[in-house]
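What follows is a set of notes on a single structure, which appears directly below.
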Amino acid sequence: MNPEHHRYEIGQRIRNFRLSNNLTQAQLAENLDVSTNYISEIENGKKGMSQDTLCNLCDKYQLSADFLLFGKCEQDLSKQSLFQLLSSIPADLIPVVIEYLEAALKIKKLDGFV
């Protein structure tokens, strides 16, 4: 794979992450202490991301560098990131989430995966 295509794919994974987390380029740039233009150039594959920015992005958002760089592995949901996700759920939705998780576990047990 040529370097330009690789940069573009990395940029698309970052863009998809940003959009799925309802972040603007300006918000992501501010959180990473870089310019909005820099984020735009990364997302469009025009520039590669610096090692410092990559480390900062992975650290602040609990992202896998392997996933961002190569897209071949699942993002690791550590206990801390799972806790952060669950703690962001509104109180009135917690019973629904618990019910959903219990149902998913039952299905997996029936399929022999758990």
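Nothing fancy with the numbering, it's 1 onward along the sequence.
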Can you tell me which residue pairs pass the salt bridge (Lys or Arg N to Asp or Glu O under 4.0 Å) test with a partner in residues 88-101, sequence neighbours excluded?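 Every candidate salt bridge (Lys or Arg N to Asp or Glu O under 4.0 Å) pair involving residues 88-101 fails, so no pair, neighbours aside, qualifies.
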Any pair counted as salt bridge (Lys or Arg N to Asp or Glu O under 4.0 Å), so long as it reaches residues 48-63, sequence neighbours left out: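 Residue pairs with at least one partner in residues 48-63: there are none.
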Just checking D33: does its CG atom have more than 12 heavy atoms from other residues, nucleotides or ligands closer to it than 6.0 angstrom?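 Atom CG in D33 is not packed in, count stays at 12 or less.
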Are more than 12 heavy atoms, taken from residues, nucleotides or ligands other than E30, located less than 6.0 Å from that residue's CD atom?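 Open.
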Partner set under salt bridge (charged side-chain N to carboxylate O under 4.0 Å, His left out) for K47, not counting sequence neighbours: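 Only E41 meet the salt bridge (charged side-chain N to carboxylate O under 4.0 Å, His left out) criterion with K47.
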Please identify each residue that fulfils side chain to side chain contact (heavy atoms under 4.5 Å, CB included) with [X], with sequence neighbours left out.
X   : answer
A26 : T24, T36
I39 : Q25, L28, A29, L32, V34, E43
I94 : I89, I98

Look up atom [atom1] in [X] and atom [atom2] in [Y], then write down how far apart they are to the nearest 0.5 Å.
X   : Y   : atom1 : atom2 : result
T53 : Y38 : OG1   : OH    : 4.0 Å
L63 : N56 : CG    : CG    : 11.0 Å
L19 : I14 : CG    : CD1   : 12.0 Å
Y8  : I42 : OH    : CD1   : 15.0 Å

So, using side chain to side chain donor-acceptor pair (under 3.5 Å) as the criterion, who are the partners of [X] when residues are at least two apart?
X   : answer
S35 : none
S40 : N44
N31 : Y61
R15 : none

The test is side-chain contact (heavy atoms from CB on, under 4.5 Å); show your working for M49 and L68 and say whether it passes. CA-CA 11 Å; M49 182 182 302; L68 290 176; 5.9 Å; no
Which atom pair, heavy atoms only, marks the closest approach of C58 to S64?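 So the two residues come closest at SG-C, 4.1 Å.
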Same cluster (ILVMFWY, side-chain, under 4.5 Å), F70 and I10: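 As far as the 4.5 Å side-chain criterion goes, I10 and F70 are connected within one cluster.
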With no hydrogens and no angle check, is any side-chain donor or acceptor of N2 less than 3.5 Å from a backbone partner on E4?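 Yes.
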